[in-house]
Each structure stands twice: as C-alpha cells, then as structure tokens.
Amino acid sequence: MSRIEKRFAKLKAENRAALVTFITAGDPDRATSQALLDGMPAAGADIIELGMPFTDPMADGPAIQLAAQRALAAGGSLRQTLEMVEAFRKTDTDTPIILMGYYNPVYAWGAETFAVDAAKAGIDGLIIVDLPPEEADELVPFLRQAGIDFIVLTTPTSDDARLPVVLANASGFVYYVSIAGITGTASAAQSAIDEAVARIRRHTGLPVCVGFGIKDPAQAAEVARVADGAVVGSAIVSVLANNIGKPNAVSAPLALVKDLAAGVRGARS
Amino acid sequence: MQSLNTYRAGPDERGHFGIFGGRYVAETLMPLILEVEKAYGAAKADPAFTAEFRELLAQYVGRPNPLYFARRLTEAFGGAKVFLKREDLNHTGAHKINNCIGQILLARRMGKRRIIAETGAGQHGVATATVCALFGMRCVIYMGATDIERQMPNVYRMKLLGAEVKPVTSGAATLKDAMNDALRDWVSNVADTYYLIGTVAGPHPYPAMVRDFQSVIGEEVRAQILSQEGRLPDSLVACIGGGSNAMGLFHPFLDEKSVRIIGVEAAGHGLDKLHAASLTGGKPGVLHGNRTYLLQDGDGQIAEAHSISAGLDYPGIGPEHSWLHETGRVDYVSVTDDEAVAAFQQCTRLEGIIPALESSHAIAHASKIAPALPRDHLMVVNLSGRGDKDVSTIAKALGDEHLGGLV
C-alpha cells in the first residue's frame, strides 16, 4: 500500500477529509522553507503539496508566481526540492508528499531518471499542470515503474465525455480544480463544488480533493464535508510572504495550517 | 540528418513535428484547444471560408504585395540578385495581419466575441486590434511593461483601435511574460474568449494554422518569381522570433530541393552574451503549449532573451522550425544587434525603404552571403515589416550626432 493509500484509509476510518497544504519549495529561502515543510504534519497537514519553482507558472496567480520568483532568486531548483524532501523523510515517513509544478524542469532532468530520483527522495505523487492526457504518456509509464502516483487535474471544463480521458491516467487521488482560472483568485460556489465532486465520483473510486480558491477554515470545512480533501495553497503562501524576515515567518503560516486543520477536522461532526 | 520525401506533411494528428509541437496546456484549456482544432479543420475544408479570407487579403490587406528587385542593394552586395518581398506594404505595416484575418474569421465562426492576444513589439497587437475593430469584437492585448515603454506609438495605435492594453509586470515584463498572462486570462475566460496567437507557436493547432494563413507569402513569391524571372529562387532568407513570417515564406518551398532556405535568429549582444537565438543557443524544452528549442538553464528554468528588436525578443521558436533545424532542411544562422542596425541603415539609404528591425536581421545576413554568390543567383529576402516603429530605438542606438543632431 502506498503512503497516499494508507493516509486516505486512515482518514476514512476517522471519517474526515484530508487537509492538503501547498508551499513552494525554497520560498523564501531553503532554511525557512524546510522548517515550514517539517512543521506541516504537526500543524495538521495530512498531505503536503510542494511546488517545484518555475520561471513561467502559467496557471498560477500572483501569490504563487511571486513565491516561485523568491525561491529561484534564493537558489531554488528541482534538485533542491528533492533534497528538501529527503531531509523531511528523516523525521516523517508517513505524510505523503506530492510535487506540483510545470513540465520543463522535469523534462530537462529527464523523465525516466527523474521518476527514479524522485521515488528515492521519498516523493509519492506528481502533479504536472501543463501535461494533459494527450502528452502524459511520455512521463506516466516511468512514474508507475517507480511507484509514484500521477495525480490528474479535472476542471469545470472536464465534462462527462472528457472525464474518462483524464481519469485514464489517474492514481493516488483526483485533484478537482474548482474554478476555471488561476490559483489564489476566485472561489467556486459550494453548490457547484458539491455537484462536481458527485459527478467525478460517478467516474472513479479514487479519493477526490478540491482546490483553487479555498482561503479560510470555514471554506475548507465546507469542502471537507463533501470531498476527500481540501487543498489550500495561495492563502498559506500569502501569510508566509507577509512575514518574510520576521521572527514568525514559520510560525504564522503554521498557525493558519492549524486553523485550517481544525476546520477540516470539525467539518463532519 | 533525415532525408524525407516531403517536409510539408506535418504535423501528425497529435500536433507533433517529430518530437516538437504538441499540446502542453492546463486541463482547463484542453477542451477548448480541441474545439479550436475541430473548428479550424472544418473551416479549412469550407470553400466559403477560404474565399472570404482571400477576399479580405486582397481588398483590406492589399495583397498581393510586390516582389521587388532591390537593384541598389544587389549592386552594393556585388553578387546574388536580391529581391525583397514587401510585407511592409500590407495594411498595418507587417505580415502579422495575414494571420489575424484568418483567425478572426475562425473566432467569429466559433461564436467567440472576446479576443485576447500577446504582443512584443506591438505589431501583432496592432494587427489584432485592427481586425477586432473591423469585426466589432472586444479586444484585450497583453504587453510587457518594458515593451510598452519602448513601443509607445504602437500602444497608442491599439488604444485608438478600441483595444484594452494590459501592462504585464511579472517576470522581465516582456513578450514571454505577456504570453503567460494571456494564457492566464484564457484559463479564466474559457467560455467566451478566443486567444489569437501571433506566431507559429503555442499548442496544436496554432503552429500549423498560423503557418497556413502566412503561407500566402511563399505562394505569392513562387508565382511572382516564376513570372518575373521564369524560374524558382535559389535561396530564401527570413528573420525568426517565433518564426511566422519565415514559415509563411518557407513552407511552399520546403520540397523544392534546389532552394536553399535560411532562417535568421537574433544574436543580440552576441551568442556568448545576452541573445535570442533559441536554435543556436538553446535546447529542447516545453513552454507555452509546445515542445521546441528554448533558451534555458540546466534546471529547465527559462532564460531571458535579448534582442534590440522587441519582436524577436523571445526565448523560444515555433516547433516546426525546431524540426526543420533537426532534419537539416533549413539552415539557421544568427545576426547581432549591431549587424541588424547597420543593415537597417543600408536598406534605408540605398532603397528608400525603412525596414523593421526584425526584417533588418534578414537583410544583414543577405549582405554577408550575397557577395560570394554568382550574379544569376536569385535570393528572396522577406521584408516582413516596415521600420517606422523602430526609429526611436535606432536613434538611441546610433546617437543623434549621426543625423546631425536632428533627433
């Protein structure tokens, strides 16, 4: 059983959804980012998405664009991202880590070698925003071989005809992008989320996590009532951005994670 | 190097030219990309669509434009007989309008009412704003804040034409970043918006579609040179940023083995310094919807390009050019800022034609190779646009003493 499967099985037993938290690796520098990553599980993150910094994050809003720029300016790279996960795994062998980002750094590394190296570092899944099913066969077979899940994105534009095409590659869980848009901007209506999650469940038995536009514990709780996970990224990254250089650069974002976790944990009670 | 029966069959049904091209976009956009592909396939097969396209090129753009024998440049070079394809004489002053006419007809056919586009030098932005005015569509142009500053007249033209010009401040605030923001807009407005890409790049079907619309350039050259000289040209030379004017000239000649084809990239300050020569200085990667040669570092981070010409200032190139480079059918070379500025002056002084700085790269390369070629060698250089927009850049590069303090 993979770490992701084990985690969702455990959460199912607890009758609650996962809090999935996102930060960009190396933002604003390696040490701060590592401390934040290492502190996530204790603050209540069930699954961690770690952004691979990229110069041209076409699907991201300003908060995560700036996070990537800060990380790159401080020497961030895909290699450093893997090193951060290796370091994390010295103290935590249970919390799933998903890398999220764009294809070019992975392609530059070499898809086959990267799959092996990422598995070695302790990575459980990969989300590649700009690798739709039409192109995914150049990476997915290598990930499978290495035991890494390819987490697919479905969106409001994935209709019943499109969903099977997208889900054909899916393993681990399904990430529902709840708005047609970029990260950290608009929020979807809860009724639209309910409907979309129900529709996706008709096509797959995999857990469904929902992200884009979830900013606070109340919204996270709403999503956690119907979905198997609520993903929060830009809100955490923004709190970090507001506290860079201050003593609470790590504790402030973790405080938000604690609040979000409380929201998610109380959602179904 | 491969030797193929035809170089004109690409892309395959998945939009690949060899390993290049494809559809590397966010899932939100995939259904729309597939819809564009289907709609373009149907339009291409519809004689009424082609007839309207041809009619607008003739009546609105002013085609065919001349294939002009440049007598004085030919004399100055002292070798090959040089012809200029006068895309600068098109309405709006560059080849960009050819593609915009085709795509606005497609957007209308798809029922889209809002058009977005990216622009570097502003030529594609002006051409897009022009066709939006003509067809009564909303128009939003993304342009890097740096480019807005250096291309102010074009910004004003776009606004006069009714377009909203959105300054892009992310990254280096140039063409690459404008393209990122255009893609972000598209993802956020999938239902009513059509993205009118200005070059032979982006996700399939754009590289093939833009090439098809621009191929009118090469088709006219073929008919014109046969009529003027009674035979095909011996060589073709065109500048390349994304590469749409070059692809439009080259494509109809790719299977003519006797025709030597040369694409000219921007070498900026020099290939060992900041430049925009993706094929010469880059390697294959994935950006903006396609796999192609990109300027990048070892970590796959995209590098900033530099060219004195804003239209060539992009770290990538159309995927079909990457494929033609790897197959060896087309030779790709590069020309520095300084060489382009010298060619700009030479063409202006000798022919009374002010070429765009982009096109000046092609003229500069012609000036290097023409002298060693025989006098019966027929060389066609694509004069892709006019240089009025560049006079302040030139004035800055040369200093005003050069013009006796007139600027």
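Quick note on labels: first sequence line is chain A, next is B, and so on, each numbered from 1.
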### Query
Tell me, side chain or backbone of A:Gln65 under 4.5 Å from chain B's heavy atoms, or both, or neither?
side chain
Compile the donor-acceptor pairs under 3.5 Å between side chains in residues 183-191 of chain B and protein atoms, sequence neighbours left out, one pair per line.
from	atom 1	to	atom 2	distance (Å)
B:Arg184	NE	A:Pro57	O	3.4
B:Arg184	NE	A:Asp60	O	3.0
B:Arg184	NH1	B:Asp181	OD1	2.6
B:Arg184	NH2	A:Pro57	O	2.7
B:Asp185	OD1	B:Arg114	NH1	2.9
B:Asp185	OD1	B:Asn189	ND2	3.0
B:Asp185	OD2	B:Arg114	NH2	2.8
B:Asp185	OD2	B:Tyr142	OH	2.6
B:Trp186	NE1	B:Thr193	O	3.0
B:Ser188	OG	B:Arg184	O	2.8
B:Asn189	ND2	B:Asp185	O	2.9

#### Entry: Per-residue contact mode, A:Val129 against chain B (heavy atom under 4.5 angstrom)
both
#### Entry: A:Gln190 atom CD, neighbour heavy-atom count above 12 within 6.0 Å
yes
### Query
Is a side-chain donor or acceptor of A:Ser77 paired with a backbone partner of B:Asp299 at a separation under 3.5 angstrom?
no
### Query
Does atom CZ of A:Arg30 have more than 12 heavy-atom neighbours from other groups under 6.0 Å away?
yes
### Task
Could you tell me whether the side chain of B:Val286 reaches within less than 4.5 Å of the side chain of A:Tyr102, counting heavy atoms only?
no
## Note on the structure
Heavy-atom nearest pair, A:Asp56 first then B:Leu287, reads CB-CD1, 3.8 Å
### Query
By a 4.5 Å heavy-atom criterion (distance strictly below it), what part of A:Tyr107 contacts chain B: side chain, backbone, both, or neither?
side chain
### Message
Does atom CZ (A:Arg144) have a neighbourhood of more than 12 heavy atoms from anything else shown, all under 6.0 Å?
### Response
yes
### Task
Let me know if A:Leu72 has heavy atoms under 4.5 Å from chain B in its side chain, its backbone, both or neither.
side chain
### Query
How many angstroms lie between atom CD of A:Glu134 and atom NE2 of B:His204, to the nearest 0.5 angstrom?
10.5 Å
### Query
Which residue out of B:Lys283, B:Gln296, B:Arg291 racks up the most heavy-atom pairs below 4.5 Å with chain A?
B:Arg291
### Message
Give the interface residues of residues 15-35 of chain B toward chain A, defined by a heavy-atom separation under 4.5 Å.
### Response
B:His16, B:Ile19, B:Gly22, B:Arg23, B:Tyr24, B:Val25, B:Ala26, B:Glu27, B:Thr28, B:Met30, B:Pro31, B:Leu34
### Task
Side chain from CB out, backbone as N, CA, C, O: work out which of these in A:Gln69 comes under 4.5 Å of a heavy atom of chain B, or both, or neither.
side chain
